[in-house]
Amino acid sequence: MAAIRSAAISAAAVVALRGFSVRRLAPCLATPPRAATSAAGKMLPRSALQASAFTTVVPDSDEALAEPSVEEGTETELSKLACPICYYPLVSSIDHQSAPTKSDSSLECSTCKKVYSSKDDYWDLTVAVGSAEYSESMPAATELFRTPLVSFLYERGWRQNFIWGGFPGLEREFDMAKTYLKPTTGGVIVDASCGSGLFSRLFVKSGLYSLVVALDFSENMLKQCNEFIKEENISDERLALVRADISRLPLVSGSIDAVHAGAAIHCWPSPACAVAEISRVLRPGGIFVASTFIADVLPPAVPVLRIGRPYIGQITGSNIFLSDAELEDLCRACGLVDFTFVRNGFYIMFSATKAS
């Protein structure tokens, strides 16, 4: 069940879960997660790991950073949005020069002059939006989450099943993410591959950020997110729903304080391209926090998965990660440093910072 969001992970989960409770889960809950495989990667403080591996961690005082300075009102005017073609800031299509606001019915690129119209529920800032004849197929994993059924079920049982793979549950995941993201409080956060917005809504309700950009490629996920926002009476004053390609983010370079991606990176068609884009949009010192599955719970399965994962990826569009060192290497290759992580079974939450 742990790999229900990713077809690629299911092969590892079926084998590993047979001995999960006695071989991995119980030791993990009783002792701190194992250390990173290289000197560059580092674990959260041992004092944070008490009876559970998921107790909220409070950074050491000498590691705590001052809250970033954020200009009042600027982020609420969607000034961070950019054309996904040329990356220049978007402007209001009314006067072709002022910063966009939520009252605008369409936005315009200040350079290539392409117009992006509002879809009522969200802004569609994908490259091919508006094309009359052109269309392209996406990997199976991507198309699955674009369906109305999966979008409806995602918070109605689908995501909850991840607990069988070591995910600690929504509240603890959010607390852990907030700990990693504490230095970016007051800034702009992007909830990448937000799905139906379960974390996006928590970020908005927390009041920790001047703007939350809930970003996903699935139209139906964004519509479902908007429905939940209305049901929960959440103010959208500091929230923007954006449809975008994770490998072509419609955001101004170096303008974002934090990016969060919960249980998503294994579904991205190209994690390398996506993390490179995240690095591009983060300001120096900006933080990337993500969670995913690691299929090394049963070591004998790793060699088999190493051989088979290219074929699984080609068929499903999903990715299998075999160690936390792979994720650290990916982050480093994209200019993200200070890699830290927490493990529990298949589950990993990691953080990396944009090099200053």
Side-chain angles (χ1 to χ4, degrees), residues 65-82 89-92 98-107 116 118-125 155 170-171 173-216 218 221-244 246 249-262 264 278 281-283 285-290 354:
L65 301 178
E67 294 184 1
S69 175
V70 179
E71 295 181 13
E72 288 290 334
T74 302
E75 284 71 28
T76 59
E77 297 300 314
L78 309 182
S79 62
K80 308 302 184 183
L81 298 182
L90 294 173
V91 297
S92 172
S98 62
T101 66
K102 291 185 177 181
S103 62
D104 290 319
S105 59
S106 60
L107 307 179
Y116 299 88
S118 171
K119 301 293 184 181
D120 294 328
D121 294 315
Y122 56 89
W123 292 101
D124 192 334
L125 301 183
E155 287 189 48
L170 180 61
E171 291 184 3
E173 283 185 67
F174 185 60
D175 286 340
M176 292 165 66
K178 284 194 300 182
T179 299
Y180 277 130
L181 294 166
K182 188 175 181 179
T184 66
T185 299
V188 178
I189 187 170
V190 174
D191 189 19
S193 295
C194 66
S196 53
L198 69 172
F199 283 102
S200 303
R201 303 196 307 275
L202 289 174
F203 282 125
V204 173
K205 288 188 286 188
S206 72
L208 293 173
Y209 292 91
S210 59
L211 178 67
V212 177
V213 180
L215 184 149
D216 204 284
S218 169
M221 283 291 190
L222 291 170
K223 290 178 181 179
Q224 183 64 71
C225 178
N226 196 42
E227 289 181 15
F228 282 136
I229 289 169
K230 293 177 180 178
E231 290 176 7
E232 298 173 15
N233 294 317
I234 297 174
S235 172
D236 63 354
E237 180 182 355
R238 296 189 175 186
L239 174 67
L241 272 60
V242 176
R243 180 173 182 248
I246 191 64
L249 294 175
L251 299 165
V252 176
S253 298
S255 66
I256 303 300
D257 298 283
V259 175
H260 171 266
I278 289 170
V281 303
L282 282 174
R283 62 166 173 78
I287 298 175
F288 172 44
V289 172
K354 176 68 176 292

Looking at [atom1] of [X] and [atom2] of [Y], how far apart are the two atoms once the value is rounded to the nearest 0.5 Å?
| X | Y | atom1 | atom2 | answer |
| --- | --- | --- | --- | --- |
| Asp104 | Trp123 | CG | CH2 | 6.0 Å |
| Glu155 | Leu198 | CD | CG | 4.5 Å |
| Asp216 | Lys223 | CG | NZ | 13.0 Å |
| Ser218 | Tyr122 | OG | OH | 8.5 Å |
| Arg243 | Leu215 | CZ | CG | 10.5 Å |
| Glu227 | Asp121 | CD | CG | 7.5 Å |

Nearest heavy atoms of [X] and [Y], plus distance in Å:
| X | Y | value |
| --- | --- | --- |
| Arg283 | Pro183 | NH2-O, 4.3 Å |
| Ala240 | Leu211 | N-CD1, 4.3 Å |
| Phe288 | Ala261 | CE1-CB, 4.2 Å |
| Asp191 | Ser200 | OD2-OG, 2.5 Å |
| Val259 | Val281 | CG2-CG2, 4.5 Å |
| Val252 | Ser79 | CG2-O, 4.0 Å |

Is any side-chain heavy atom of [X] less than 4.5 Å from a side-chain heavy atom of [Y]?
| X | Y | answer |
| --- | --- | --- |
| Leu222 | Cys194 | yes |
| Ile256 | Val213 | no |
| Ile229 | Leu241 | yes |
| Leu81 | Leu107 | yes |
| Phe199 | Glu173 | yes |
| Leu202 | Leu170 | yes |

Exactly one of Thr184, Val190, Thr185 clears side-chain contact (heavy atoms from CB on, under 4.5 Å) with Asp257, and that residue is Thr184

Parallel under 30°, tilted from 30 to 60°, perpendicular over 60°: which one fits the rings of Phe203 and Phe174?
perpendicular

Atom CD of Glu171: over 12 foreign heavy atoms under 6.0 Å
no

Check whether any side-chain N or O of Arg201 sits under 3.5 Å from a backbone N or O of Ser196 as a donor-acceptor pair, and report yes or no.
yes

